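Structure first, then comments.
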Amino acid sequence: MRTILKINSSTRAERRFHELLKNLRIPFTSKVKIGGREVDFVIGMYAIDIDGHEQDTNKNKMLIAHGYSPIHFNNNEIPNPNLIEWLKKL
């Protein structure tokens with residue numbers, strides 16, 4: 001089950017990613033709750049988290065169980081040319 005959350009605050013990397021998605025006209029949802037856990041962005045069946053810490057393997061397993069492909073970016077990876085090219089292919 002997915003629930004749209006109110007955007008309270010976001011990191012600089014999240015704001016950059018948000019702008020990148022808007023500029024590329026990629027449909028997305030931000031700050032989504034899936035299985036009781038918050039995900040920064042959902043694009044189709046990709047659940048994308050952007051933060052400064054290591055991936056949460058339990059969260060990844062839960063996302064997979066809900067049919068999502070978890071993707072994790074570190075704050076310093078936003079933006080990068082490879083990411084932009086990948087997004088263009090979505």
Side-chain angles (χ1 to χ4, degrees):
M1 171 180 233
R2 249 168 65 156
T3 309
I4 308 296
L5 296 179
K6 200 175 191 184
I7 299 176
N8 294 329
S9 63
S10 58
T11 66
R12 183 175 181 194
E14 289 170 349
R15 290 190 299 273
R16 284 179 166 175
F17 192 74
H18 184 273
E19 285 301 314
L20 181 61
L21 295 176
K22 282 178 32 180
N23 291 341
L24 293 172
R25 298 180 182 194
I26 296 172
F28 68 95
T29 309
S30 59
K31 301 297 181 186
V32 177
K33 196 171 187 179
I34 302 171
R37 303 288 298 272
E38 185 177 316
V39 175
D40 294 326
F41 296 92
V42 172
I43 303 171
M45 294 309 289
Y46 293 107
I48 301 170
D49 272 326
I50 302 169
D51 48 42
H53 57 79
E54 297 207 14
Q55 294 185 47
D56 179 341
T57 55
N58 291 326
K59 183 177 182 180
N60 287 347
K61 289 176 187 177
M62 177 276 300
L63 290 168
I64 291 167
H66 280 83
Y68 290 89
S69 297
I71 298 177
H72 183 266
F73 295 109
N74 199 300
N75 288 332
N76 62 4
E77 293 180 292
I78 308 297
N80 91 44
N82 295 326
L83 170 62
I84 293 168
E85 289 305 310
W86 177 76
L87 288 170
K88 287 179 180 178
K89 294 176 184 177
L90 294 180

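This structure is a prediction, so every number in the text was calculated from the model and none was measured.
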Heavy-atom distance under 4.5 Å between the side chains of [X] and [Y], does that happen here?
{"X": "Trp86", "Y": "Leu90", "value": "yes"}
{"X": "Leu63", "Y": "Arg37", "value": "no"}
{"X": "Ser69", "Y": "Met45", "value": "no"}
{"X": "Phe28", "Y": "Lys22", "value": "yes"}

Any idea which heavy atoms bring [X] and [Y] closest together, and the distance?
{"X": "Pro27", "Y": "Arg25", "answer": "CD-O, 3.6 Å"}
{"X": "Val39", "Y": "Asp49", "answer": "CA-OD1, 3.5 Å"}
{"X": "Gly44", "Y": "Tyr68", "answer": "O-CE2, 4.1 Å"}

Please check if [X] and [Y] belong to a single hydrophobic cluster, counting links between Ile, Leu, Val, Met, Phe, Trp and Tyr side chain heavy atoms closer than 4.5 Å.
{"X": "Leu20", "Y": "Ile71", "value": "yes"}
{"X": "Ile34", "Y": "Ile64", "value": "no"}
{"X": "Val42", "Y": "Met62", "value": "yes"}

Keeping the roles fixed (side chain from Lys59, backbone from Glu38), state whether a donor-acceptor pair exists under 3.5 Å.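 Yes; judged by distance alone, with no hydrogens or angles, the pair exists.
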
Keeping the roles fixed (side chain from Asp40, backbone from Ile50), state whether a donor-acceptor pair exists under 3.5 Å.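 The answer is yes, because a donor-acceptor pair under 3.5 Å joins these two groups.
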
Are a donor atom and an acceptor atom from the side chains of Asp51 and His72 found within less than 3.5 Å of each other?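 Note: Asp51 and His72 side chains meet the donor-acceptor criterion.
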
Roughly how far, to the nearest 0.5 Å, is [atom2] of [Y] from [atom1] of [X]?
{"X": "Ile48", "Y": "Glu14", "atom1": "CD1", "atom2": "CD", "answer": "11.5 Å"}
{"X": "Ile43", "Y": "Thr29", "atom1": "CD1", "atom2": "OG1", "answer": "9.0 Å"}
{"X": "Thr11", "Y": "Ile78", "atom1": "OG1", "atom2": "CD1", "answer": "9.0 Å"}
{"X": "Leu83", "Y": "Lys88", "atom1": "CG", "atom2": "NZ", "answer": "11.0 Å"}
{"X": "Glu85", "Y": "Asn80", "atom1": "CD", "atom2": "CG", "answer": "10.0 Å"}
{"X": "Asp56", "Y": "Asn60", "atom1": "CG", "atom2": "CG", "answer": "7.0 Å"}

Give the ring-plane orientation class for Phe17 versus Phe73, where under 30° counts as parallel, over 60° as perpendicular and anything between as tilted.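 Answer is tilted, since the angle falls between 30° and 60°.
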
Before accepting this row, confirm whether a basic side-chain N of the pair Glu77/Arg16 lies closer than 4.0 Å to the acidic partner's carboxylate O.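 No salt bridge links Glu77 with Arg16.
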
